[in-house]
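Beneath this line is the structure, given in structure tokens, with notes to follow.
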Protein chains: 2
Amino acid sequence: MNLDNLFDIKGKEILKKKKEHVFIQGDKNNSLYFIKTGLLKAYYISPKGKEFVKSFITEGNIAINLSSAYFEKPCTFSLQCIEDTAMLEIPLSLIDAYRKKNHDLSNQVIDLLLEFSLKKEKREFEFLCLSAEDRYKMLSQENSDLLKRLTQNDIAHYLGITPVGLSRIISRNSVSFL
Amino acid sequence: MNLDNLFDIKGKEILKKKKEHVFIQGDKNNSLYFIKTGLLKAYYISPKGKEFVKSFITEGNIAINLSSAYFEKPCTFSLQCIEDTAMLEIPLSLIDAYRKKNHDLSNQVIDLLLEFSLKKEKREFEFLCLSAEDRYKMLSQENSDLLKRLTQNDIAHYLGITPVGLSRIISRNSVSFL
DNA sequence: CAATATCATTAACCTTGGTTAAAAAAATGA
DNA sequence: TCATTTTTTTAACCAAGGTTAATGATATTG
């Protein structure tokens, strides 16, 4: 994806250590973050107080809380570094102002939103149609490199199950590698 | 949401009866559909041959298969009428051509994609953080009018459970109305 | 209307993953 | 390196929802 126009807008360089938060569920935040190096997780604390991971964000990708950035509501999730992370922080107001002058940028924003929408549709499909075990198998096929950088805790919370449940799934399946 | 510019582009009027399909999983389709009256469901057939409902689309809303319309891939889901439905069919190529000339339209497309993205995020939250029973309670609080137009079969497949499971949830809860 | 198809309910039994707790293993930090 | 924290595994028991099948209730259609 060509992000040249987007990065004509100069962002502020931000460095965060592992375990630090970029924003927290309930805060307000109106920036977009472009990840230069590192790894983050976007996660919810559910009504029952449990953690669930919405997504992992890797180098070259973008993190944003849509409802806070676009609609000035509290953040619906928290964003935390899993590894030391370097990113560019770009206020959405800058992008929107720039969009009015630069038609190409609107098309880039559309491309980003399309990519995001398709990812979320894929995840919807997986929750609707697949078991936790199938979701794990799919993840390990499609994202084996990412998997190596994550704890089973985080993977389990991404799949919507407990770490105990994931450990069982893994031991059930590891037999077939003998 | 203001869709005036979008509907400067004249669509083709389409009428479909209950149970008829607009498109089928695997087909190619590059149009956007604006629903004038009626009700449709977008649904997957899972790898194991079961039906799961992705979403219901009501009057005033838009249906589109993003990966087919934007990326010329086969449709990832089927779109079928639950009631007799009148809609406007607008080829995406028309919208894209028009976008180049009309800056406002790009902003409308961004608004549509944002709305869609937020809906999908909400659904992701519900699958990650809520039980089937909680998802049903939420649906019946937030969409009681829609619920009346649906069979329990379709509702169950939307929640990601079987009709038998939904029937149990309803009977468990209906006791509390006595 | 009768015939048929669809939808909803209920019951018995099964499967997956949740819960709690304890122990082992691995990573982190002073 | 030693101590502490975090992660992973395992076990016993539990709960939610799946499966199958039978029955009844509603719709639909010839």
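Just so it is clear: chains get the letters A, B, ... in the order the sequence lines come, proteins before strands, and each one is counted from 1.
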Produce the list of close N/O pairs, under 3.5 Å, pairing protein atoms with atoms of nucleotides 25-30 of chain D; give distances to one decimal.
from, atom 1, to, atom 2, distance (Å)
D:dT28, OP1, B:K18, NZ, 3.2

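No more than 12 heavy atoms of other residues, nucleotides or ligands sit less than 6.0 Å from atom CD of A:E72.
Among residue pairs with one or both ends in residues 66-87 of chain B, those qualifying as ring pair (Phe, Tyr, Trp, His ring centres under 6.0 Å) are B:F23-B:F77; sequence neighbours excluded.
By the 6.0 Å and 45° rule, B:K119 does not stack over the aromatic ring of B:F116.
B:Y33 and B:E89 form a side-chain donor-acceptor contact under 3.5 Å, judged by distance and modelled atom types alone. Judged purely by distance below 3.5 Å, without hydrogens or angles, the side chains of A:T58 and A:N61 pair a donor atom with an acceptor atom. Residues B:N173 and B:E133 bring a donor and an acceptor atom of their side chains to less than 3.5 Å of each other.
The CD1-P distance, from A:I161 to D:dG17, rounds to 17 Å in whole Å. In this structure, the CG atom of A:L128 is 12 Å from the P atom of D:dG18, given to the nearest Å.
Think of the region where chain B sits on DNA chain C: with heavy atoms and a 4.0 Å cut, that region ends 5' and 3' at C:dC7 to C:dA12.
Residue B:K48 is out of contact with every strand shown, counting any heavy-atom pair closer than 4.0 Å.
Between A:K54 and B:E121, the closest side-chain pair of non-hydrogen atoms falls below 4.5 Å. Within the 4.5 Å cutoff, the side chain of A:L15 has no heavy atoms near those of the A:M87 side chain. Looking only at side-chain heavy atoms (C-beta outward), A:Q108 and A:I95 stay at 4.5 Å or farther from each other.
For the helix from C:dC1-D:dG30 to C:dA30-D:dT1, the terminal axes (five pairs an end, C1' atoms, rotation from four pairs onto the next four) enclose an angle of 50°, given to 10 degrees.
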*Evaluation steps, salt bridge (charged side-chain N to carboxylate O under 4.0 Å, His left out), between A:E142 and A:K122*: CA-CA 13 Å; A:E142 296 182 354; A:K122 178 151 187 281; 2.7 Å; yes
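Of the charged side-chain nitrogens involved, none lies within less than 4.0 Å of a carboxylate oxygen, so that A:E83 and A:K16 do not count as a salt-bridged pair. At a threshold of 4.0 Å, the pair B:K18-B:D84 does not count as salt-bridged, since none of the basic side-chain nitrogens sits closer than that to a carboxylate oxygen.
A side chain to side chain contact (heavy atoms under 4.5 Å, CB included) with A:L39 is found for exactly one of A:D154, A:L150, A:I57, namely A:L150.
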*How does protein contact run along nucleotides 8-13 of chain D, one letter per nucleotide 5' to 3', with B for base contact, S for sugar-phosphate only, - for none, heavy atoms under 4.0 Å?*
SBBBB-
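A:F127 and B:I169 fall into different hydrophobic clusters, defined by Ile, Leu, Val, Met, Phe, Trp and Tyr side-chain heavy atoms under 4.5 Å apart, directly or through other members.
Between A:Y158 and A:F56, the ring center distance clears the sub-6.0 Å criterion.
Near DNA chain C, meaning a heavy atom under 4.0 Å from it, residues 133-146 of chain A has A:E133 in order of number.
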